[in-house]
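First the structure, in the form of structure tokens, and then the observations on it.
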Amino acid sequence: MDRKLEPELMEDPEQVKAYAEADFSESHHYFVTQVCHDVGLDFSGKALDLGCGPGDISFRFARKFPKCRVDALDGSRAMLKYGENLIPNTLLKRVNFVHAKLPLPSPLESYDVIFSNSLLHHLPDPQVLWNTIKQCVREGGNITVMDLLRPVNEETAQKLVEKYANDESDILKHDFYHSLLAAFTLDEINFQLAMAELNFEVQQVSDRHVLIKGRMT
Ligand SMILES: C[S@@+](CC[C@H](N)C(=O)[O-])C[C@H]1O[C@@H](n2cnc3c(N)ncnc32)[C@H](O)[C@@H]1O
């Protein structure tokens, strides 16, 4: 099945509300565990969350490392507004929301850690993510990216929606379905990384997720 793009930014208020209120605790817990695994126990540097949405992953990461700082970046003001309402007081000084759309005209700064969940499939040109990572990470910095994988056909996409989002709102089911159709395959991701000259590890970690990890050399 060919890739079918979905709207890049998530800006519709109903869509943002449905996303922010959905339960992603299992996949977000898994993702943050993967990020932390490579960062070490006493990380106190600066992290960048690309396509942070309402910020749940940034909050989880910042809670794990009480001395770190996180820039949580998204191109959607509506998403960031939701995040600003949800941020716990204890994290106000360490999680900084940044309104910016990739590609960035210039690097924000040089980060020790960059992570991104569920952004890649939104991008018409996937190299925008890999170039941004190269632009913003320090040498030796850790990168962790997770995204959906495109199923073989629409029927399989529909089955995944029924399996994992049956109790969610219609908007969320609609978005999940279209995100699956917009996602990349393992081969496409391996090709993107080769083109970007990034020697990252690519691994399918569930029936719908790919995890990509690496260190900037
Ligand atoms: C599916 S959400 C993922 C949010 C969050 N990472 C999570 O896992 O909960 C994708 C987010 O990427 C943002 N996004 C899409 N294209 C972008 C771009 N070019 N620059 C910045 N943000 C973008 C969308 O607005 C949306 O908030």
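Every number for a ligand or one of its atoms is a count from 1 in the order of the listing. Position 1 is the first residue of the sequence, and the numbers go up from there.
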Listed partners of His29 passing ring pair (Phe, Tyr, Trp, His ring centres under 6.0 Å), at least two apart: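 Result, ring pair (Phe, Tyr, Trp, His ring centres under 6.0 Å) vs His29: none returned.
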Phe24: ring pair (Phe, Tyr, Trp, His ring centres under 6.0 Å) partners, not counting sequence neighbours: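 Applying ring pair (Phe, Tyr, Trp, His ring centres under 6.0 Å) to Phe24 gives Tyr19, His28.
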Are there any N/O pairs under 3.5 Å between ligand 1 and the protein, and if so, what are their distances?
{"unit_1": "ligand 1", "atom_1": "6 (N)", "unit_2": "Gly51", "atom_2": "O", "d": "2.6"}
{"unit_1": "ligand 1", "atom_1": "6 (N)", "unit_2": "Asn117", "atom_2": "O", "d": "2.8"}
{"unit_1": "ligand 1", "atom_1": "8 (O)", "unit_2": "His28", "atom_2": "NE2", "d": "3.4"}
{"unit_1": "ligand 1", "atom_1": "8 (O)", "unit_2": "Asn117", "atom_2": "O", "d": "3.4"}
{"unit_1": "ligand 1", "atom_1": "8 (O)", "unit_2": "Asn117", "atom_2": "ND2", "d": "2.8"}
{"unit_1": "ligand 1", "atom_1": "9 (O)", "unit_2": "Tyr19", "atom_2": "OH", "d": "3.0"}
{"unit_1": "ligand 1", "atom_1": "9 (O)", "unit_2": "His28", "atom_2": "NE2", "d": "3.4"}
{"unit_1": "ligand 1", "atom_1": "19 (N)", "unit_2": "Glu8", "atom_2": "OE2", "d": "2.7"}
{"unit_1": "ligand 1", "atom_1": "19 (N)", "unit_2": "Leu102", "atom_2": "O", "d": "3.2"}
{"unit_1": "ligand 1", "atom_1": "20 (N)", "unit_2": "Leu102", "atom_2": "N", "d": "2.9"}
{"unit_1": "ligand 1", "atom_1": "22 (N)", "unit_2": "Gly75", "atom_2": "N", "d": "3.1"}
{"unit_1": "ligand 1", "atom_1": "25 (O)", "unit_2": "Met10", "atom_2": "N", "d": "3.1"}
{"unit_1": "ligand 1", "atom_1": "25 (O)", "unit_2": "Asp74", "atom_2": "OD1", "d": "2.8"}
{"unit_1": "ligand 1", "atom_1": "27 (O)", "unit_2": "Asp74", "atom_2": "OD1", "d": "3.2"}
{"unit_1": "ligand 1", "atom_1": "27 (O)", "unit_2": "Asp74", "atom_2": "OD2", "d": "2.7"}

Test side chain to side chain contact (heavy atoms under 4.5 Å, CB included) applied to Met1 - qualifying residues, sequence neighbours left out: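 Side chain to side chain contact (heavy atoms under 4.5 Å, CB included) list for Met1, sorted by chain: Lys4, Arg150, Pro151, Glu154, Leu181.
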Spacing of Ser206 atom OG and Leu148 atom CG [to the nearest 0.5 Å]: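 Between Ser206 OG and Leu148 CG, I get 8.5 Å after rounding to 0.5 Å.
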Between Asp38 and Asn142, a side-chain donor and acceptor under 3.5 Å: no
Polar side chain donor-acceptor pair, Asp187 to Thr185, under 3.5 angstrom: no
